[in-house]
Amino acid sequence: MTHPLLQNLSTKLADIDAQGLRRKRLSAESPCQPHLVVDGKPLLAFNSNDYLGLAAHPKVVEALKEGASLYGAGSGASHLISGHFQSHARLEEKLASMLSPHLESARALYFCTGYMANLGILSALADSAQGDITVFSESLNHASLIDGIRLSRSAVQLYPHCDTQTLNEQLKACTSQTKVVVTDSVFSMDGDIAPVRELLALCEQHGAWLVVDDAHGFGVLGDTGCGILEHLNLRSPNLIYMGTLGKAAGVGGAFVAAHDTFIDWMVQRSRPYIYTTAAAPALAHALLTSLRIIMGDEGKARRAHLNELIQQFSTAPIPEGWSRLPSRTAIQPIIIGSNADVLKASADLQTQGLWITAIRAPTVPVGTARLRITLSAAHTTADVAQLVKALVSGGPA
Ligand SMILES: *Cc1c(COP(=O)(O)O)cnc(C)c1O
C-alpha cells in the first residue's frame, strides 16, 4: 500500500506536469563556461550567473587547488567553534575594504550562501527590534529575501515595483521603532536596476535601514566591480549591503557588509551564520584571487567586453510576438507568456545547440513565462550572433 502522503504527492506532481510547471535538471559534464557538454550533448549556454567568466578561470581554479593544499577540503565546524580560518578572515577584511567607501565603519561577514545571508540579515534585525519592526519589501524581491522576512516574523508591507512614491507614503504612516526597506539592486528575473539612490534618500529621511541585495551587481557594476553602491556613488550610515560570491565572483558564498556594530550583532545572534558548518576555507582562498581579478585591469576589461555584448544583444531583433524588458544589465529576459510556449521555445533552442532555461511561475508572475538570457564576459560576439540567429529562426509558430 502506498502511503497516503505519497499518493497525495503523486496527484500534485501530475498536476504540476499538466500545467507545464515541471522543473527538470540537466547535468553539465564540463566546467561552467559558454561552451559545455550537458547530458552528453555540446551546448552553447546563456543561463548562468557567471557574468565575468571567473567560475572556470585558470587562476581561480589554481587558487582553489592551492587553498585545498593549504587548508584541506573542509572547515570541520561552524565559525564560532573551530571552522573559522585565516582565509575567511582575510576575505572578510578585503570585502570590508572594498565596501568601506560606501558604508560607515565597514565590516564584512562571509556566509555559505546568499540565501542564508539574507535570512541572517533579516532575522538579526528583527531580533534586535523585539517585535517593534516593519519591513518594506519591493514586490519583485528574490525568494531568499521573502523567506528572510517570513523567518523574522516582522510586520511586512509590500510596495509596488520601483514605486518610491508609495513607499514614501507607507514609511510616513509607519509607527514602528525599526523600519527596514529591502530591495534587490538588479532584479534577478527582469534585469532592471532599482532606484537605490531614491530609496536611500527616503530611508535617511524616515530613519529607516536600507538592505540592498546586490547578488547581480557585485563584480559587474561600478568602475572597480564593487557593485551598485560604487555604480551610483552612494555612501550612507543607513545601508546594509549583501553581495553574493557565486555569481560574478565565480566561486560561492556571500557576504554582508555593514557597520561594525551590526556585524558584531550578527556574529552573536544570526542563526543562519552561527548554526552551520563554515564554507570550505579553500573557497575563501580562491575568492581572494577572484576579487583581485575583479578589481584589477582584467576585471575592468571583462566588464567592458560584457557591456559590448549587452549592447549587441539588446539592440538585435527578436521575433514578433515576443517582448523584451527594458534591461541594460547582463540579464536580458525575453517574455514569451504561457508555460507551454516558453517550454517549446527552450526545447527548440536546445535542438539548435543552445541552452536557455525556461523560467515560469512562481519564480515570475503567471502569464510572464520567459527565457532568462544571461550574458557573460566569457561569451564572444560570435556566440551572441549565434544566439540572435537562433532566436529569430525559432519565434512563435
Ligand atoms: C542568487 C540570489 C540570491 C542567493 O544567493 P546564493 O548565493 O545563490 O544563495 C539572493 N538574492 C538574489 C537577488 C539572487 O539572485
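Atoms within each ligand, like the ligands themselves, are counted from 1 in listed order.
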Margin query: Just to verify, what does Ala340 make a side-chain contact (heavy atoms from CB on, under 4.5 Å) with, not counting sequence neighbours?
Written below: Ser338
Notebook entry, point to check: Name the residues with a heavy atom less than 4.0 Å from ligand 1?
Noted result: Thr113, Gly114, Tyr115, Asn118, His142, Ser144, Asp184, Ser188, Asp213, Ala215, His216, Thr244, Lys247
Checklist line | Check ion pair Arg150-Asp147 (N to O, under 4.0 angstrom) | finding: yes
Note to self: Check this for me: does any side-chain nitrogen of one of Arg303 and Asp223 sit under 4.0 Å from a carboxylate oxygen of the other?
What the structure shows: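 So Arg303 does not pair with Asp223 through a salt bridge.
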Check: Which residue pairs pass the side-chain hydrogen bond (donor to acceptor under 3.5 Å, both in side chains) test when at least one of the two sits in residues 279-293, sequence neighbours left out?
Finding: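 Checked against side-chain hydrogen bond (donor to acceptor under 3.5 Å, both in side chains) - neighbours excluded - the pairs reaching residues 279-293 are Glu66-His285.
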Notebook entry, point to check: If you look only at pairs with a residue in residues 110-133, which of them pass as a salt bridge (Lys or Arg N to Asp or Glu O under 4.0 Å), with sequence neighbours excluded?
Noted result: Asp127-Arg269
Next item on the list: Report, as yes or no, whether the 6.0 Å neighbourhood of atom NZ on Lys41 holds more than 12 heavy atoms from other residues, nucleotides or ligands.
Entry: yes
